[in-house]
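Values below: all heavy atoms of this structure, side chains included; hydrogens, waters and symmetry mates excluded. Reminder, nothing fancy here: chain letters follow the sequence lines and each chain counts from 1.
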Amino acid sequence: MNAQQKWTAYYTILIREVLRFSRIWIQTILPPVITTALYFIIFGNLIGPAIGEMHGFTYMEFIVPGLIMMAVITNSYANVVSSFYGSKFQGNIAEMLVSPVPNWIILAGFVSGGIARGMAVGAAVTMVSLIFSKLYIEHLFVMFTIGLLTSTLFSLAGLINGVYAKSFDDISIVPTFVLTPLTYLGGVFYSITMLPEIWQKISLLNPVLYMVNGFRYGVLGIADIPIWISYLIILGFIALLASFSMYLLNRGIGIRT
Amino acid sequence: MTAALAITDLRKTYDNGFTALKGINLSVQQGDFYALLGANGAGKSTTIGIISSLVNKTSGSVRIFGYDLDTQRELAKSQIGLVPQEFNFNVFEPVGEILINQGGYYGIERAIAAERAEKLLKQLGLWEKRKEQARTLSGGMKRRLMIARALVHEPRLLILDEPTAGVDIEIRRSMWEFLTDLNESGITIILTTHYLEEAESLCRNIGIIDQGQLIENTSMKTLLSRLDTETYVFDLVEPIEQIEDKGACHFELRDPTTLEVSYHKEDFSLNQIFAFLNQKGLQVLSMRNKTNRLEQLFIDLVEGNKA
């Protein structure tokens, strides 16, 4: 395949993915928007005033970046894992496997689909947040790149889960028992400086913390962790997961007999 | 001329230790209509899976129009169109989109893929369904959709794994016509089927796989010529009570107007049998083969291989 043909193949997978989640927007876009709106109402509006300020911002303003990031993470992951496993389950992954499209384009196509949904939901949640809070954008480049890279990272993680999944249970286990706890404990609702020292150190092992803090730095200009460490951690995980994904696709694990 | 498909010493042992292929050597010439037959579990689908890159081989080589599947993977894969045994499209995608996307995976731009999709869907009687989700199609329509999908990138080698399974006779016949036209246009076709009548009607050459080995690879004509016995059923105009054998030609009266005739092809011809019946004053209204000839040979070969 020449470069033009490869671009066409990539574009085809991306379009297919975007159409897939757009067609079922009531299942893919709307629920995270409603859930996050509830977080804004309960934590921000009702409980927030009782908590007071955090790093000079209202509690509502403080949690907005974390909640946007949480929506980006869960939706990027969910899109790729459900689409990839769905393709395996229905057998239509074979449409790509029999074609000459290289594995790295299959990977790029699925991951781009995950990013598209992650960013779409992130944008929708951001819009909703404007109803409840003023949106600060201190560092637009940091906000955008941290969001994009985090979405990439969790799209890759979703693909790996999709490769190994053998049942619909398998695609919900990781989000329920790994992703959700890591996100909730990743500083979405609090600053780790509020934790006892031992828990602060344990929190540093949670990769989501670096993403939430990086994004919060982009939005509010404050972070518990230096921004360059956030970039380093995210890029490191992307490199690791992308390499592992390529290994799985090249070996045909979970997709070829 | 380079073979459309050249398989050398192809072996496959699955992770559970089951050896599905024990060294297959097979060559299919360009323009051929080739039947690959075998009982369930004989190794047909594994062979097709390896050719189409859905199954990893243990050893051996596969060349498609001279392109090695290991070292010239993209070129080799571009030559193949696959119609698998099971429906394997996204049932929630619209019919037209399935074809356009499939073209896209081969690097065909959407506008061109859309033109080809229109042509194929019209040819296969699915154009009216182009905007409907694939799950709404009937079984026969789904089979035709799989054929259309396999052709959208204009492959030189079309592999069909039981394409007419579960399809009614009318649609099956129309699919046969479509496949014959495709083959006449120059596309090499490899067909697996359990309908041996289908293989006999469509294919020029035949391979039979049994227990992971290719036990027969020859022309249909050569294979059928090995049948030394023919059995016909004659419907007689007037009823008769009895008829005696004529030498090695055996007559059996099923009912007063249905006569079964078995004879060795080397000893008799149909003309001689008709002459004999004429001499007896018997008039034949119609006649038919009692058994599918290929079916008999297939059973003999597979039984022979087991022994």
Side-chain angles (χ1 to χ4, degrees), chain A residues 1-28 82-110 112-113 166 248-257, chain B residues 12 14-16 20 45-46 48-57 64 67 69 72-94 97-113 133-135 146 149-150 152-153 155 159:
Chain A
M1 292 179 97
N2 59 33
Q4 176 63 41
Q5 289 170 322
K6 283 176 181 155
W7 167 253
T8 303
Y10 164 76
Y11 182 72
T12 300
I13 301 171
L14 175 60
I15 291 282
R16 196 196 72 162
E17 287 300 294
V18 171
L19 286 176
R20 191 192 72 84
F21 75 73
S22 304
R23 265 196 290 263
I24 49 172
W25 65 274
I26 290 179
Q27 297 170 46
T28 54
S82 59
S83 178
F84 197 86
Y85 179 69
S87 296
K88 272 173 57 174
F89 182 77
Q90 295 200 73
N92 62 301
I93 189 78
E95 291 173 347
M96 282 177 243
L97 299 180
V98 300
S99 78
V101 59
N103 287 332
W104 66 268
I105 287 181
I106 295 177
L107 178 66
F110 273 102
S112 300
K166 289 181 178 164
L248 293 174
L249 292 178
N250 288 338
R251 290 288 305 271
I253 292 168
I255 49 176
R256 288 194 169 92
T257 313
Chain B
K12 172 67 185 177
Y14 285 99
D15 290 342
N16 62 9
S45 292
T46 300
I48 287 174
I50 292 170
I51 298 167
S52 54
S53 305
L54 295 174
V55 175
N56 292 328
K57 63 184 163 61
I64 297 144
Y67 300 118
L69 196 55
Q72 297 164 291
R73 202 166 182 81
E74 286 181 16
L75 282 167
K77 287 166 100 177
S78 299
Q79 316 300 319
I80 304 175
L82 173 70
V83 181
Q85 206 175 107
E86 307 287 340
F87 298 130
N88 71 340
F89 38 75
N90 183 343
V91 294
F92 300 108
E93 272 179 11
E97 231 171 79
I98 289 173
L99 265 63
I100 293 168
N101 286 344
Q102 185 69 25
Y105 304 145
Y106 286 81
I108 298 162
E109 286 177 32
R110 291 183 83 79
I112 297 169
Q133 288 186 346
R135 69 193 171 94
M146 301 243 285
R149 186 184 61 177
V152 77
H153 63 285
I159 301 172

Test side-chain hydrogen bond (donor to acceptor under 3.5 Å, both in side chains) on B:Y67 and B:S78 and set out the steps. CA-CA 10 Å; B:Y67 300 118; B:S78 299; over 6 Å; no
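- Between chain B and the residues A:I93, A:I255, A:L97, A:I105, the largest count of heavy-atom pairs under 4.5 Å involves A:L97.
- For A:F89, no part lies under 4.5 angstrom from a heavy atom of chain B.
- Heavy atoms of A:I15 lying under 4.5 Å from chain B belong exclusively to its side chain.
- Summarising the geometry, atom CG belonging to A:N92 is positioned 8.0 Å from atom CZ belonging to B:R149; distances are rounded to the nearest 0.5 Å.
- Contacts of B:P155 with chain A are absent, with no heavy-atom separation under 4.5 Å from either backbone or side chain.
- Residue B:E109 touches chain A through both its backbone and its side chain, counting heavy-atom pairs closer than 4.5 Å.
- At a 4.5 Å heavy-atom cutoff, the contact between A:L19 and chain B is made by side-chain atoms alone.
- Side-chain N or O atoms of A:Q5 include one that pairs as donor or acceptor with a backbone N or O of A:N2 at under 3.5 Å.
- Between A:S112 and A:E17, the closest side-chain pair of non-hydrogen atoms is not below 4.5 Å.
- The candidate from B:L82, B:I98, B:V91 with the greatest count of non-hydrogen atom pairs under 4.5 Å with chain A is B:V91.
- Each of A:F84, A:Y10, A:F21, A:Y85 was checked for a ring pair (Phe, Tyr, Trp, His ring centres under 6.0 Å) with A:F110, and the lone residue meeting it is A:F84.
- A cation-pi contact, defined as under 6.0 Å to the ring centre and within 45° of the axis, links B:K12 to B:Y14.
- Of the two parts of B:E86, neither the backbone nor the side chain holds a non-hydrogen atom closer than 4.5 Å to a non-hydrogen atom of chain A.
- A:R256 places a side-chain N or O within 3.5 Å of a backbone atom of B:S53 that can act as its donor or acceptor partner.
- Heavy atoms of A:R20 lying under 4.5 Å from chain B are absent altogether.
- Both the backbone and the side chain of B:L54 come within contact range of chain A, with heavy atoms under 4.5 Å apart.
- Neither the backbone nor the side chain of B:I51 comes within less than 4.5 Å of any heavy atom in chain A.
- For the atom pair CD1 of B:I80 and CD1 of B:I64, the computed distance is 3.0 Å after rounding to the nearest 0.5 Å.
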